[in-house]
Every structure is written in C-alpha cells, then in structure tokens.
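Shown next, in structure tokens, is the structure this report addresses.
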Protein chains: 2
Amino acid sequence: MLPRGRPRALGAAALLLLLLLLGFLLFGGDLGCERRELGGRAGAPGCFPGQLMPRVPPDWRLRGAAALDGDPLAGPRDRNPSDCGPQPPLPPKCELLHVAIVCAGHNSSRDVITLVKSMLFYRKNPLHLHLVTDAVARNILEMLFHTWMVPAVRVSFYNADELKPQVSWIPNKHYSGLYGLMKLVLPSTLPAELARVIVLDTDITFASDIAELWALFAHFSDMQAIGLVENQSDWYLGNLWKNHRPWPALGRGFNTGVILLRLDRLRHAGWEQMWRLTARQELLTLPATSLADQDIFNAVIKEHPGLVQPLPCVWNVQLSDHTLAERCYSEASDLKVIHWNSPKKLRVKNKHVEFFRNFYLTFLAYDGNLLRRGLFGCPSQPPSGAEQLQQALAQLDEEDPCFEFRQQQLTVHRVHITFLPHEPPPSRPHDVTLVAQLSMDRLQMLEALCRHWPGPMSLALYLTDAEAQQFLRFVEASPVLAARQDVAYHVVYREGPLYPVNQLRNVALAQALTPYVFLSDIDFLPAYSLYDYLRASIEQLGLGSRRKAALVVPAFETLHYRFSFPRSKVELLALLDAGALYTFRNLSSWCCLRPSPSICPTLPAWTSLTSVPAPPIVAASRPLRMNSTRTCPATMGLLPSNTSQPCSSPGALPEAPEAAPLSTGQTPGQPGLPSTIPAI
Amino acid sequence: MLPRGRPRALGAAALLLLLLLLGFLLFGGDLGCERRELGGRAGAPGCFPGQLMPRVPPDWRLRGAAALDGDPLAGPRDRNPSDCGPQPPLPPKCELLHVAIVCAGHNSSRDVITLVKSMLFYRKNPLHLHLVTDAVARNILEMLFHTWMVPAVRVSFYNADELKPQVSWIPNKHYSGLYGLMKLVLPSTLPAELARVIVLDTDITFASDIAELWALFAHFSDMQAIGLVENQSDWYLGNLWKNHRPWPALGRGFNTGVILLRLDRLRHAGWEQMWRLTARQELLTLPATSLADQDIFNAVIKEHPGLVQPLPCVWNVQLSDHTLAERCYSEASDLKVIHWNSPKKLRVKNKHVEFFRNFYLTFLAYDGNLLRRGLFGCPSQPPSGAEQLQQALAQLDEEDPCFEFRQQQLTVHRVHITFLPHEPPPSRPHDVTLVAQLSMDRLQMLEALCRHWPGPMSLALYLTDAEAQQFLRFVEASPVLAARQDVAYHVVYREGPLYPVNQLRNVALAQALTPYVFLSDIDFLPAYSLYDYLRASIEQLGLGSRRKAALVVPAFETLHYRFSFPRSKVELLALLDAGALYTFRNLSSWCCLRPSPSICPTLPAWTSLTSVPAPPIVAASRPLRMNSTRTCPATMGLLPSNTSQPCSSPGALPEAPEAAPLSTGQTPGQPGLPSTIPAI
C-alpha cells in the first residue's frame, strides 16, 4: 500500500521510471538482442528474424504448412524459413550426435565416404554413425572405418537384408530401389534408447558443421517429430507434365535427403502403423512410389501436418534437374548442405553447378588421413589399436637410419576394398586369381593385363584420394576395363614417402576369392594362354589338398615400345634369337647378357624347345618408380619380399632365381603356405 | 496521478504486475537472449558471455589491460576473452573486406598462397588483398593471381623496397628481417581512404570465415584502433632465461600475427610519430628489436593502452616453441586462426602439432582451382579475361571429336613461377638456358640433368597442388638439386585430363633470362660438355644480332637401366657399335633398326668420326606418360609441336628429322624467331 501525498507522487514517479525502464528493456535492450539474432547477416535480403524462435506465435507451424499450399517460393513472406533466422545454440561441446545412412552396393559406398569426409571436416562433436548396409557395403565400410581410425567416431552396422521384408511389399519406381524405402523403418531398427537422429541420403555434401543442423531439434514443438526442408521443385504440385500424378503432399512437399527424426516421439505416436496405413491407402489408387520413402513421408505429413518442423532451405539445397533452389542459395549468406538429388548427380545441368561441384570435389579429393584428428577437450575412446600404435610410434628412434622404414611399417593405411563394382567369380575348384599391386604410374598396364588374363584378378592400388578419382574416371573411360566385373580393385591410401609393396600385396591377396592365386608384378603381361594353362596344370598335377606346390613360370622382357606379343613358344624363341626379347633381367648388369648355365641354371633347360612347354610371360618396359621402397626398379617382383637393397651395391644382391620370378600358390587360409607375406 | 481507494489498490496491483513483468524480462527474457549470446556452446567450460558486449562496463578494456599485468592465462577470471563470448553480427553479405600482408622472397610467396587458400576456402565476402612485396614476390604473385582468376578477389601491390628507408634505421634481430617491420608503416602506405584492414603474417592458416574476424571491429570503442590477441608465451614477462630483457609490454603483451587496424583512427592519432618516438626511446636502452614490429607495437600499447582492443584467443592460436596456447584451444569449441609463429614452423615440437598440421596440410594440398567459385548474390567485376573465356568455352561443341583438346586449349592454368628460391644468372652475352617441361613421373630426371648441364635452366612442372609439395620435399632432400640456385622451377597447376605440352614449354621459355635457350625434352640428358660447347659455338659462329640460326644436336638412346654415359664421341661410337646405344628412335617401328642413308640421311654423316664433332645428347629410357596429349610417347620432343598423332597410325606420321630433334634458338623478344610456340 502506497502512502498518500508526497509519497504518492513519489510512487507515480517510481512507476514512470519503471515504465521507462520497461520501455528501454522492451525496445532498446531487445533490439540489441534481435540484432544478434539475425544470425549475423543483418543486411542480408529476405531475413525473417524470429521465424524459428519460441517467441513466435505457436501457430507458425500451421502458417508454414498453409503457405505450402500456395507458392511458398514466390514471395518472401510465404517462403520457407531462410537461413537468416537466428542461429540456435549449438549442442554442448562434447555432445554425441547420431547420424543414420542407408547404403548398399559399391557405388553408394564410395558416395557415403565423400559425405562422411565432408561431415568430418566441419564437425566439432563426437559422432555415432548408424549405417544400414547390404553385405557389399558392410564389407567395404567396415574395413574402411577400421583402417581409417578417426577419433571420436563410432560406427554401428544394421543389416539391410533383414529389413527388406518390411518394405518389399511397396512397389517403387525410384532409382534408389528398395534401399530408399528403408528410411521408413529406422524408428524400429535403431536402438530403442536412441531418441534423436539425423538421417542423410548418400548424395549429400556438408558445407558446414553438422552440429548446427542438430541444434534445430531445439525448435521442435512438443508434437513435432520430423524436421524436413521443403522440396525445391514443382514435382508435388503435379504440373510437371500432363497426367503427372504425384503422391499427396503439403504444397511443394518436403525432401527427405536430410531428415531430423525424433525417434522417441515417432515410436510413441505409432509411426510403424501410421506410415503403413497411409502407404496402403495411397497404393489403392497409385501404382507405385516414384520417389521411394519421400512419397510416403509426404503422404503421412499431409495427413498429420503437426508432425513436421520445416527446416531452413539451406540445410538441403537440392540440385535436381528442375531445381528451384537458386532462390534459396542466392539470398542465403551461407550454404549448409548440398543435395545431388538428380539421377545425373554431378552431371546435372544447372548454371551454378560448377560452384557446387567445387564443394563436392573438395571432399572427393580430400586426403582422408587428415581427418584423423581428435577433438580437444572431449574424452573419447580411441579407435581400436590406435593407442598401441601411438606408443609404438613414440618409441621409434628418429636417429635410427631405418627410422623411415620402421615408421612406414607401423603406418595403418586406409583401405577401400572393391572400390569399383565387382562380381565375385563363381566357385570353381581350380580357379586362379591374378594378384598384383600398382601405383598411379602403372595404370596404363591394366588394359593389357585384362586382355592377357581373362580370369579373376585382385589388384591393390596405392593412391591418394585424388588419384582414386582419376582411377575411377580411367576405368569408366576404358571399354576394356569397364566390361570386366571379375577384377577387384582395392585402394590402399597413400601415406608416407615409401611404397609399402608387401602391405599392398597382402591386401590384394586377402581379397582373392579363388582357391589359387597367381602372384605377379604389374609390369608383367602373362601369356594369353596362361590362365587356362594354370588351371589345367593345377588339375592335372593334382595340387590342392593332396599336394602343396608352387608353379614356376619363366619370364622374359622386351625394351621395345610396341611389341607383338608372342602367341607360342616357337614365336617366343624366334624373338629371343632375333634379340627382340631377352630373358628377364638380361639387360641388368646383375645378370649375364647371354646367361651361362652356371649362373642361370634353369634357363637353358626351358629355352630348349623340347623342355616343359610352360607358357611364357613377358615383362613390359619398366620405368623407374617414384616413392618406392623398391629402390632397385629392375628387381621388382623378383627379390625376396623383405629385401630392399640399394642400387649402389648390386653386387651384394642375392642371385635371383632368373627364370622363376612368379609362382602360383594356394590362397591364405589353406594349410602349408603362409597366409601373408611379412610387411616390408 | 493515481486515484484513491480501490483505484489505488489497482495501481498497486498494476505496479506489482509491472515489477513481475520487469523481473521476467530481466531474467527470463534476457536469459533466452543470453543463451543465444553464448555463441552456441552453452555448455562449454570457461565461457564469459558478454565480455565483448556493449552492455559490459566501459572499464572492461582497462580491466583487460590490468589483468595482463598479472597472469592472464592462470585462471578463467583473468583470461583474455575466449571464443565463448557472443558472436558479433557478421558484416553484410557483400561487404568488401580488406586484408594486408607483407611478403618478400620465394619462400614467403609460397606461404602466402597457402594462407590465401585457407582464407578463400571459408570466405563468403569479396576480398581486397593489399600485398606489400619485394620484386621477387610481386613477380610471382602477380602472375599467380592473374592466372588464378578467382572471382570477387582484388589484389593491389605496394613496393616494399620503397618502404625500406622508413624502417631500415631500426636494428632488428628477428628472422623476418626488415620486412617484418613494415607492418608499422601500413597506415601511411595503404590508400588514405581505407579505414579498416586486417593485417596477417604469412604463417597464418584460417580455420573459419574471415568475416567473423572482421566483425570484431564492431566491438572497438571510440578510441580503440588496434585489435590484437594476447601473446601466448611468457616472452614479454622477461623470465624465459637469465638476463632476458624483452621490450616493454602489458603483461604477456600481444601477438601481431593477426591485427585489426582502424587505419583512420591511427592516422588521426598521429601513429607515424607515435611509434617512431616510442621506438627511438626504447632503442636508447635496448640494442635492437627481437620480434620486429611486435616489440614496437607492444611498447606503443604499453604507453597508450587505450588504443588496443584485445581479441578472443582463438583468432591467433600461436604454435610457438613454448606456447601456452593449449589453454585456449582445449577450452574453445572452435579454432579460428592458427599461427605457425615458431621459426621451426610445421616442425615445431608440440604434442598437438599433428592436429594443427592437418589443417595446414589441408590447404597446402588443396586444389586452388576449386577456389575459382563466385559469390552468389554479390555482383563483382569478373577477373580480367574471365568473361571472354566463359563465352569461348560456352561456344564449344561437346559433340566435336576435338572438344577435349579445344577445351584444354582455352584452359587458363594457374602458374607459380620460380616456385623455389632462384638466383638469376649473371648477364652473359652467349649464355644458354636449358628449357624443358615435365610432370611428376619425371622428377627423377632432375638430378641427372643438373649433373649434365651446369648452366641455367628454366623448367615448367605440370603438377597438382599436392604434387607441388612433394616436389618441394624432393628438392629439399636432394643435395644436388638443393645446391643449384640457377635452376628456375615454374609450377603450372594441373587442370583437365591432357598434358598441355606447349603451354608448359611456353611458360618455361618466357622465364628464360639468357639470350639463348636450349629447348630439350626432360628425357634427354645432354653431354657433359654441351653447355660449354654451345656457348663457344654461339660465339664462334657469330650468332646473335648478326645471324639467326638454330643449332642442331644429334640424339641417341639407350634402353639399359643403368648406363655409363659416354664422355667423348669415340666412346659414344664404340657404344653404338656394341649395340648398347642406338640412334634416337632406332627401336621404334617407325624407323629402321640400322638406318639406311635414304631414310635417315643426316645420321651417317654424323656417325663418321671425321664429321662435325658436335657433342651428343642421349635419351634416357622413356616410359609411357599418363594424361598426355602426346599420345605417342616415342615422339616426345621430336614431332612438330602442333602434331599429336595417334599411335595406331604410325605410317601416317611425317618422317621426323632423326638426328636433329633439338635446337638452340634465341629467347623470345628477339627478332627472327617466334616468341612462343602455338599452344597444343
């Protein structure tokens, strides 16, 4: 109770003061706050501060949904929230973020790695990747992540084949096939205790920190469970062509390349029944889904608009064939996520595609080894083996003349097995896989090798990330290579200055799927008949379980740039006599020009026409190799695998078995032969 | 005036309501704002929201300065503002940001390019680079930026030599030499209308958008003119060793690797007199500056603490030898700028150096071509020639079988001339520069070439950004190459699938600084005596102004891996007779094995011992080259430069002048010979 008289005037003055203060706080103070809320770009056109803020009327979601029925891209007032809205607070420094990706097959596995590289480049939080994979992708990605050893990244695999029955009843015309539909069953597939997850398509590239996307969960109202960016094409408006009948959607509908899922709420709301019911209902009148899961998500959202939280357009800039994304990215100050959702992918026609391609190429070519960086101040379990490795590396003596070699021996190279599509050979009891390894400078040998060896091959390639892409284009451009599905290419990523010849051979050896292997060097071309000859020999000689043996194949070399490969032993001997061909290493000063029986005892026997008619193999011209542990290029494929002699002391080299550089042996796992060759 | 009785109670109730509202706004409302102000990482330890905000008491600056007298890194209360402060609003979308860098010499020019790459990678604003350079750096960087053609980047050059007199009176012990001190004279050097600039050392790497740094200008009070991060070592505390007497500084002092300069205010405050006065005064008792400009900046700030605005530590994470930066980066959620301010640079000992090195290596190896991306929605003048180029490219017909070649012909390759330190040869009237070009796979030729050619060389290397670094390490590791200062290496950055042989040769040719050039192919090794022989011949034959001529040099080839190079014509002929050496292209099917005079008419004349005793050159073994327009490797250096015949039709090739593959000619600019060879 206020006293009267003067005190009453005092009270009024105090009230006035309070009102003034209030006014200041309401306008002055809040303006300062608002300025910061602009997400930085105060002057950016088309900014709608507060659209995603809790202070905004609670009917915003409905307004947003209503706007979608009109032309949400037409005017700024009706648009999807742009990036100009306030930046929500990022998740705490060490909060674990969960990401789910469905991935099947060789090509998607390559795509997903580029996506993961872009994500890791910008991330500052620990990540848990939930990968729904077929057997092929699991095989590839398990090995990749195991050898990648990125700190603060956990990977869980879920078997896509087991999920197939849950979605296979849905007729689907989208190129993603059955796998595209699997995003629908994530709430029941992912661990029950997992409440929130970001779901990504494999054709996504990040251009910012995924934590900023995660932060948008904070804007979900109590009922919202699915965060999506509006579809940036007119597909769902149904006016793209005559009689185009898309699935139902709110206005332009939403794109499911990037999804924020509140799994807990979806489970609670009976998602499993909800989407199945909607899909069954729609399939009564529609023949199939055209855009896989996206059609069903949109149909469900049309029925339950309260589920969806629209996300700012920059979080899924869609570069589809007839994209309307330009309005989004040309106004935005900052791109967050690029979505290559045209079936043409990077070849999509778009006047700005160069700009976006540069982002993609950045991560395509990015050295994944550089992402092996930890997070400061976030305690996390190091990847398995990482600690022992660190200790072993720390114990090396930098003054040791062999330091570089010891360091390389401890290096764990990232390995991407079956980098390109590969069909394993049908199981045949005497089949032989050609096993070899190479670096970029030997790529031109592959076509000739494919022509000479019609059987399965397992090849390890020592490449940088950028070179792996060059290799991909090389194979795509070669009809000879592109036609072969039985050649498995395994990329071992380069690290360090040396060429880890035996690590490479071991990777290729481990991936050979036949009972026998033919260990060769990339500079050798086998005789056209060798593949058949070896299989016949293995059968005739009764190798295998009854007898352990290594078959020895003679080798020759030529120095001519172009050379007509001998088709028979008679032709070969004629070339040898004419001096157009030499016995292998004949030209090296370590061996005789015309080998005498005392030095090269096995050779004269073979060059006699009456000797065993084993098919010859011929060495191609062998240029010097850079960055190689094999400092003596002439000895490639010849020296014992743990020998690396300097060129300056050729006299000290052991006499190599001249005519027996190569052999076939049983694949690892079989008794009698070591499963791997000691590294370096 | 409030009415009495019931109304009075109403008034009181209203007042109470207002107080409640006020309380809500003060705490509830503001908390929401504060939460956003945390810059995102609400949970990050050691956050001091508001420290850089205008609402903070105006004496904060002084408190900040006072804190520096104690141990600012000791406790969170006394620290420099961390990155946890609020993110100030970013500058408007298309605001032009100005950056000044002092750069001199070959090595700093390489460094500055890596810095610029990191800056361009994250930037979203147009940039104007103000480069204070010596003649060497200007030469390199002018060509680089001209060929880089990055949209929305303007570059201005300022002559460092002209600035020398302004700072040369200051004795300086720092490794940056006189150039380090030039940051002091930027206010008077940069255009008078330029009010704000970010000044960077060349050993800086960005890990975030420079606009965020620019935004910190907004925090300057009316008097502040210099934004700096505290020095992250104990250097200025003067306790590093006995009798260590550093220049005066506030506490730990500030690091000048990253400076925000309000040039307008400094000019107004009489900066030129201010720093000179302070420097002169200090030099009365101190013998020299130890840390160049940084000592003087700190001394001035100690006298005028009102000038400085301390910046968050993450904007200059200093990896000096005894850095205390860990406290900064392990608490921060986000690194912004890394400063390699140890003289050891990347080899600095630091337990986290791998982490930082990965950032640096990212940009070192980053394909600079990918940074040729424009800024959406920011109109800017395209780089000179870019528009015509775009038009010409747009007019190409993708169906044209020569499309790839035409595209490559239009490609502007980034060119980094004199990539490594280079001393131009002294001017000699008959001097000859060996001109050649190569790609990575020919690097091993360089040592032999250096041994065979003691004179100047100008070599163009066709490399990716990553390969350029491998090349650098290769040269550093080779005593033969590292010892030569007269070999100029020019990096032409790879783009497209073809090998632009003539563009490369033209770059190397244009950089030759002698009156004569010897155009060779990288696979040829000249006779040991050829350099002297050519110079003598040029003099004896009276070439030059009086007579235009091309000298023809015979070529031979060997196919042996190791080969004893002939030291005389007699030795060479003996090897030829023994079959250890062939006339060049002897082994190719395009030429005779033992050439008859009718096919190779020039050869028999030379092989006669009585013929002109021109020194031989010998071709090394020539492996196939990948990605080459020269689809016929055997023809390298032989075919007319605009010929690129497929290997499949050797018969169609013109008969090459067998014994005359190489010639010396006058350098461009001289009359009588074309200055460049037509590209492709």
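In what follows, chains carry the letters A, B, and so on, assigned in the order in which the sequence lines appear, proteins first and then strands, with residues in each chain numbered from 1. Below, each value reflects all heavy atoms present in this structure, side chains not excepted, and no hydrogens, waters or symmetry copies.
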If you measure from CD on B:Gln470 to OG1 on A:Thr464, what distance do you get to the nearest 0.5 Å? 8.0 Å
Which value, rounded to the nearest 0.5 Å, describes the distance between B:Asp367 atom CG and A:Tyr366 atom OH? 14.0 Å
Please round to the nearest 0.5 Å and tell me the distance separating atom OG of B:Ser439 and atom CG of A:Asp441. 10.5 Å
I'd like to know which of A:Glu326, A:Glu95, A:His352 tops the heavy-atom pair count under 4.5 Å against chain B. A:His352
How close do A:Asp334 and B:Lys124 get, heavy atom to heavy atom, and via which atoms? OD1-CE, 2.7 Å
If the plane angle is over 60° it's perpendicular, under 30° parallel, otherwise tilted; pick one for A:Phe121 and B:Phe363. perpendicular
Taking every non-hydrogen atom, the tightest pair across A:Asn369 and B:Asn358: O-ND2, 4.2 Å
With chain B as the partner, which of A:Leu361, A:Leu371, A:Leu370 has the greatest number of non-hydrogen pairs under 4.5 Å? A:Leu370
